[in-house]
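The structure appears right after this line, and notes come after that.
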Amino acid sequence: MHDTLLIGAHTSAAGGVHNALLEGKEIGATTIQLFTANQRQWHAKPLSEEVVALWFEALELTGIKEIMSHASYLINLGCPDAENLDKSLHAFKEEIKRCQTLKLRFLNVHPGAALKDSVFNCITRIGHSLKSMAPLLDQGDLMVLLETTAGQGSTVGRSFEELKEILDEVGHQIPLGICLDTCHIFAAGYDLRDKSSFHHTLDEFDRIIGLKHLKAFHVNDSKGALGSHVDRHAPLGDGKIGMECFHLLMKDPRTRHIPKYLETPEGPALWKKEIALLRSF
Ligand SMILES: [Zn+2]
Ligand SMILES: [Zn+2]
């Protein structure tokens, strides 16, 4: 296995997607996450040839790898309402196409929300939605990652069991993995604060889902307490999880080489420090 540690942050694509790469380079990132379009709008402008050319120039210049897109917050692949499900599927397809144009490695998406429907129906619908992307995902090596959620509201993906059910529903029809957000799983009730709880949580993940499906981390401390279902990120060591977890994340051979993306508040100045800190572990 190569020893380049893939650590970065969710950098800003304001003024063009290539700027996310340049910002990544400035903060010492070896990988980044970005939004390929406005995350709060249904309709995205297609990427122009000029923007794409600038992207590949910056890609070569920065050497940044294993890049992840974060899908729009509006997308709900498990939506019980037909019209909104349709809009979600359309937006998700467009997102996949943009990821493929930019030759990204991962597309991270929140699994979905059941709203007034049952979790069971929602999971079935998410499975159908993902499988319908198979013809598009046959080309290239883009992998869709389901993000673990804090379990706020009716969101699905709050437990390893729910994520496993979605993976089973999809089977091998599309490339699919898990992105584990440390803040979200802690808020969902999985302890990570010391060596024994960290190992226990990883063992649970392995037992229920399988560690081979764990493809990325969102690395965040949590303002919310264990099991609070509150999704609020804190700087590393500054929240309810504490620094020990992030030490363990970098040291454990099961997690050390998995790409990691910071989504801590405050922006580039903090990320630069946190990336250096994680590397020092
Ligand atoms: Zn997210
Ligand atoms: Zn979050």
Side-chain angles (χ1 to χ4, degrees), residues 1-9 30-31 33 66 68 106 108 110-111 143 145-152 155-168 176-264 271 273-281:
M1 193 175 264
H2 58 85
D3 211 57
T4 313
L5 294 175
L6 292 162
I7 309 173
T30 42
T31 186
Q33 174 179 266
E66 301 287 291
M68 182 190 289
F106 300 119
N108 177 80
H110 298 178
M143 178 180 268
L145 300 185
L146 300 170
E147 181 176 346
T148 59
T149 66
Q152 70 281 32
T155 54
V156 166
R158 67 184 67 201
S159 68
F160 298 158
E161 284 84 356
E162 286 183 2
L163 294 163
K164 167 70 173 161
E165 282 175 40
I166 301 171
L167 289 179
D168 284 349
L176 187 62
I178 304 291
C179 174
L180 193 154
D181 186 311
T182 51
C183 166
H184 297 176
I185 68 162
F186 182 75
Y190 294 97
D191 202 354
L192 296 161
R193 287 174 290 189
D194 56 27
K195 199 167 182 171
S196 85
S197 60
F198 179 90
H199 283 164
H200 179 71
T201 293
L202 266 192
D203 289 346
E204 280 291 283
F205 188 99
D206 196 28
R207 183 177 66 80
I208 297 161
I209 302 178
L211 280 170
K212 67 169 192 228
H213 298 291
L214 180 55
K215 302 296 181 186
F217 282 99
H218 283 164
V219 182
N220 303 305
D221 209 327
S222 172
K223 287 201 169 111
L226 178 68
S228 63
H229 302 293
V230 169
D231 177 10
R232 280 183 69 205
H233 302 178
L236 305 187
D238 223 23
K240 297 282 192 330
I241 300 177
M243 201 55 95
E244 176 75 8
C245 165
F246 306 107
H247 265 277
L248 294 161
L249 207 55
M250 294 310 300
K251 281 189 179 145
D252 195 309
R254 295 175 293 177
T255 54
R256 179 176 168 82
H257 290 280
I258 295 175
K260 297 177 185 71
Y261 309 84
L262 293 158
E263 298 175 327
T264 47
W271 297 332
K273 283 186 209 151
E274 289 180 332
I275 290 169
L277 186 66
L278 289 171
R279 272 188 205 293
S280 75
F281 296 159

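For the single chain, residues carry numbers from 1 onward in sequence order. Just so you know, these numbers use all the heavy atoms, side chains as well, and skip hydrogens, waters and symmetry mates. Fair warning: this is a prediction, and the values are worked out from it, not measured in the lab.
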*Apply side chain to side chain contact (heavy atoms under 4.5 Å, CB included) to Lys260 and Thr31, showing your working.*
CA-CA 8 Å; Lys260 297 177 185 71; Thr31 186; over 6 Å; no
*Taking all non-hydrogen atoms of both residues, which atom of Ile178 and which atom of Leu145 are closest, and how far apart?*
N-CD2, 3.9 Å
*Between His184 and His233, does a ring pair (Phe, Tyr, Trp, His ring centres under 6.0 Å) hold up when you go through it step by step?*
CA-CA 9 Å; His184 297 176; His233 302 178; 5.4 Å; yes
*Heavy-atom closest pair, residues Glu66 and Leu6*: CG-CD1, 3.5 Å
*asked:* Restricting to ring-ring contact (aromatic ring centres under 6.0 Å, His included), what partner residues turn up for His110, sequence neighbours left out?
replied: His70, Tyr73
_Rounded at 0.5 Å granularity, tell me how far CG in Leu249 sits from CG in Leu180._
8.5 Å
*Minimum-distance pair of heavy atoms, taken over all atoms of His218 and Asn108*: CE1-ND2, 3.5 Å
_Counting C-beta onward and ignoring hydrogens, is there a side-chain heavy-atom pair between Asp231 and Cys183 closer than 4.5 Å?_
yes
*asked:* Going by the rule side chain to side chain contact (heavy atoms under 4.5 Å, CB included), which residues pair with Thr264 if we only count those two or more places apart in sequence or in a different chain?
replied: Asn220, Leu236, Leu262, Leu270, Trp271, Glu274
*Can you sort out the partners of Lys223 under side chain to side chain donor-acceptor pair (under 3.5 Å), two or more places apart, ordered by chain and number?*
none
*Kindly say whether Gly242 contributes a backbone atom to a donor-acceptor pair with the side chain of Asp221 at under 3.5 angstrom?*
yes
*Met243 vs Leu277 side-chain heavy atoms within contact, under 4.5 Å*: yes
*Between Leu5 and Thr30, is a side chain to side chain contact (heavy atoms under 4.5 Å, CB included) present by the stated rule, with each step listed?*
CA-CA 7 Å; Leu5 294 175; Thr30 42; 5.7 Å; no
*asked:* Testing the basics here: between Met68 and Ala216, what is the closest heavy-atom pair and its distance to 0.1 Å?
replied: CE-CB, 3.4 Å
*side chain to side chain contact (heavy atoms under 4.5 Å, CB included) against Lys240, all qualifying residues, sequence neighbours excluded*: Phe186
_With sequence neighbours excluded, residues passing salt bridge (charged side-chain N to carboxylate O under 4.0 Å, His left out) with Lys215_ = none
*So, for Phe217 and Cys179, which heavy atoms are closest and what is the spacing to 0.1 Å?*
C-SG, 4.1 Å
*Indicate the atoms forming the closest heavy-atom contact of Arg158 with Tyr190, along with that distance.*
O-CE1, 3.8 Å
_Can you pull out every salt bridge (charged side-chain N to carboxylate O under 4.0 Å, His left out) where at least one residue sits in residues 188-209? Sequence neighbours excluded, please._
Asp191-Arg193, Asp203-Arg254, Glu204-Arg207
*Distance (rounded to the nearest 0.5 Å) between Leu167 CG and Leu146 CG*: 6.0 Å
*What's the spacing between Ser197 OG and Glu244 CD if we round to 0.5 Å?*
8.5 Å
*State which residues pass side chain to side chain donor-acceptor pair (under 3.5 Å) with Ser159; sequence neighbours excluded, sorted by chain then number.*
none
*ring pair (Phe, Tyr, Trp, His ring centres under 6.0 Å): which pairs involve residues 193-212, sequence neighbours left out?*
Phe160-Phe205
*asked:* Using the side chain to side chain contact (heavy atoms under 4.5 Å, CB included) criterion, which residues pair with Glu165? Sequence neighbours excluded.
replied: Ile123
*For Asp238, check side chain to side chain contact (heavy atoms under 4.5 Å, CB included) against everything at least two apart and list the hits.*
Pro235
*Straight-line distance of Leu278 CG to Lys273 NZ, nearest 0.5 Å*: 14.0 Å
*asked:* Can you tell me how far apart OG (Ser280) and CD1 (Ile275) are? Round to the nearest 0.5 Å.
replied: 12.5 Å
_Test item: Thr148 side-chain N/O and Asp181 main-chain N/O as donor-acceptor pair under 3.5 Å_ = yes
_Distance, nearest 0.5 Å, that separates OG1 of Thr149 from CG of Leu163_ = 7.0 Å
_Working for side chain to side chain contact (heavy atoms under 4.5 Å, CB included), residues Leu211 and Leu202_ = CA-CA 8 Å; Leu211 280 170; Leu202 266 192; 3.9 Å; yes
*Does any non-hydrogen side-chain atom of Lys251 lie less than 4.5 Å from one of Arg256?*
no
*Applying ring-ring contact (aromatic ring centres under 6.0 Å, His included), name anything that partners His247, two or more places apart in sequence or on another chain.*
Phe281
*Please report the C-alpha distance between Tyr261 and Val219 in whole Å, then the side-chain angles of each, then the deciding distance to 0.1 Å, and finally whether the side chain to side chain contact (heavy atoms under 4.5 Å, CB included) criterion is met.*
CA-CA 6 Å; Tyr261 309 84; Val219 182; over 6 Å; no
